[in-house]
Each structure stands twice: as structure tokens, then as C-alpha cells.
Amino acid sequence: MLFRNMFIKYYSAAGSEGGDGGGAGGGEGTPEITPEIEKIINERVNSAVTGLKTKNNELLGKLKESSESLKQFEGIDPEAVRGILQRFSDDEEAKLIAAGKIDEVLNKRTERLRADVDKQIKTANERAEKAEAFSNKFRDRVLADAIRSAAAKAGALAEASDDLILRAKGTFQLNEDGEAVAVDTNGDVLFGKDGKSPLTPEEWAESLKETAPHLFPRAEGTGAGGHKPGAGGNALKRSEMSAADKAAYVRKHGQQAFLRLPK
């Protein structure tokens, strides 16, 4: 209708310009739409519209076809797909697959997977080793403090602490509660003198007065002669003395007195 109205206005304008006298005679100045003019208008309108309809139908058909095709890609990220395709096109595996070398591709993937697993295992082992080292260091410190405290209660020499701690490591271990527990080589708990109670660090330190008397102060004026150099019947022997005992003895009595002690 738009084109038809445009043509009517065109012919109306053309009639007005070419027939002023006739318009006056007609009264209104508007040309009569004869069947011939109506036919011309309709032909020109149809000619102009047909091409547009054809193009419009063609575009609608393509749009529908595109919409149907896009349905299969619903939920897929175009950028991600583009990245995968680009990587695949440049990847060495793509070339191998194109060449039919599937086994080689599988071997390479297996090697990469094995290398990654080995790396993870190595990292886990390193972390475990560090954790164990830290735990052992902490355990040694706690055990040393427990033995040092027990030695002090038993009256051991202060300079004998290192010797006592070294001896204790062959007997005591820390349990889950952080307590020093005496065990044998099989890991069985050792009992004290009563045969019922576990051997404590204090009782163990007391027992050393008989087996390692040089770790404890000697009474002055006794038959043992104490630390007096040259005293008759001196039971102190250099072979029984720890490095700390030797150093303390030399500081107190001198090198010559130390050398006069029995071997």
C-alpha cells in the first residue's frame, strides 16, 4: 500500500501540473484514477515489491538454517573451543596422529604422566623427610631435658649432662604423650627395681652412681679419696672419666695430677 499511495501522489502531482484548465473544469483538480492508471500503478508496485519479498524470504531462510545449526553448539564456550583447536593444530601430537603414529603419542603421554607422578612423589617424600627431621629434633630436645632434670635430681655433676644424655638415648624413647620411657632392643618396656613400675629417668640416673660413679661428685675424706690428687687408694680412673670429667679435673687439680690418676 505504501508504494501504491506513492504512485497515486505522483500521478496526482503530474496531473495537476499538466492540466490546470482541466482541473478547474473538474472542480477539485484531482485526476481521475482510470483502470489504465490503476493497472500501471499496480504493475509498478508489484515490480518494486517482488524483489524485496524474494530477498526477504532468502534472508529468513538463511536465518532459520543458521539458528538450527547453532542449536548443536548450545552450552559450548566458543573461545575455549577456539583455543583447543589452535593448540591441537600446533601440537606435536596432532602431527603424530596425522602420521598414524598413535603408539608414539600414547608413549609420550605415559612418559609425561610418569614424570608428573614421580615429581609429586619426590615432593611428598621431601616434605615427609623435613617433617621427620623436625620431629626428631624436637624429640631429642624433649628427651634431653627430661634426662637433664633426672640427673640433677640424682645429684649428677653439671658437666656430666652431655654424657648422661648420650647414655640415655640408648635406653629411653619418647612415647606419644612426650614422656621418656625406657625400652629394650625389642621395644619392650623396661621395669624398675620393683619389677612392676616402668623404669623412670630418675631411677635410671640413680643406678649410674654404681656403674658410672665418675658422673657424680665424690665424698671428701672417704676411703675412695675423692678428687684429691695423690690420695691413697684413689678409685678414680681416667678410663672411666668422660671428657667433661677430665676437663673439670684438670681445671681443678692440674694436668700433672690428672696424669697421676690410674688408667
Side-chain angles (χ1 to χ4, degrees), residues 120-229 231 233-255 257-259 261-263:
Q120 293 180 17
I121 292 175
K122 182 180 179 181
T123 301
N125 288 337
E126 290 176 351
R127 290 178 179 175
E129 290 173 359
K130 289 181 180 179
E132 185 176 1
F134 177 81
S135 177
N136 290 337
K137 185 177 181 180
F138 177 77
R139 186 183 295 110
D140 290 343
R141 182 176 299 177
V142 173
L143 180 59
D145 289 343
I147 299 303
R148 190 178 290 110
S149 176
K153 292 179 181 178
L157 295 169
E159 57 268 25
S161 295
D162 291 341
D163 194 333
L164 286 164
I165 291 171
L166 184 61
R167 290 169 180 262
K169 287 183 177 180
T171 304
F172 288 92
Q173 295 180 359
L174 290 184
N175 61 14
E176 295 180 355
D177 297 325
E179 300 173 343
V181 178
V183 295
D184 58 18
T185 54
N186 296 323
D188 297 326
V189 176
L190 295 175
F191 294 95
K193 292 181 179 180
D194 61 4
K196 299 178 181 179
S197 303
L199 178 64
T200 64
E202 290 81 3
E203 185 177 351
W204 171 81
E206 285 286 346
S207 69
L208 292 179
K209 290 181 178 179
E210 298 178 1
T211 58
H214 61 282
L215 300 177
F216 300 85
R218 292 184 180 275
E220 300 290 342
T222 62
H227 281 176
K228 293 181 180 179
N234 193 341
L236 190 62
K237 296 181 180 181
R238 284 179 285 172
S239 60
E240 296 178 351
M241 298 174 68
S242 66
D245 290 339
K246 294 176 182 178
Y249 192 93
V250 170
R251 283 197 303 270
K252 185 175 182 180
H253 304 291
Q255 183 70 22
F258 172 75
L259 294 176
L261 292 174
K263 293 184 180 180

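- Shown here is E126, whose CD atom has more than 12 heavy atoms of other residues, nucleotides or ligands within 6.0 Å.
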*Quick one: do R141 and D145 satisfy salt bridge (Lys or Arg N to Asp or Glu O under 4.0 Å)? Show the steps, please.*
CA-CA 6 Å; R141 182 176 299 177; D145 289 343; over 6 Å; no
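- Residues P217 and A156 share a closest heavy-atom pair of CD-C, 4.4 Å.
- Between the CG atom of L166 and the OG atom of S161 there is a distance of 12.5 Å, given to the nearest 0.5 Å.
- Considering CD of E210 and CZ of F216, their distance stands at 10.0 Å, rounded to 0.5 Å.
- Note: E203 CD to D194 CG = 7.0 Å, rounded to the nearest 0.5 Å.
- For the atom pair CD1 of I147 and OG1 of T171, the computed distance is 8.5 Å after rounding to the nearest 0.5 Å.
- Looking at D177, its side chain never comes within 3.5 Å of a backbone N or O of E179 through a donor-acceptor pair.
- L164 is not listed as a side-chain neighbour of R148, based on a closest heavy-atom distance of 4.5 Å or more.
- Closest heavy-atom contact between L174 and L143: CD1-N, 4.1 Å.
- Across all their heavy atoms, R167 and W204 have their closest contact at CB-CZ2, 3.9 Å.
- Between the NZ atom in K153 and the OG1 atom in T200 there is a gap of 9.0 Å [rounded to 0.5 Å].
- When all heavy atoms are compared, the tightest approach of P201 to A146 is CB-O, 4.4 Å.
- A pairwise comparison of heavy atoms in G178 and V142 identifies O-CG1, 3.9 Å as the closest pair.
- A 6.0 Å sphere centred on NZ of K209 holds more than 12 heavy atoms belonging to other residues, nucleotides or ligands.
- Going from atom NZ of K237 over to atom NE2 of H214 covers 12.5 Å, rounded to the nearest 0.5 Å.
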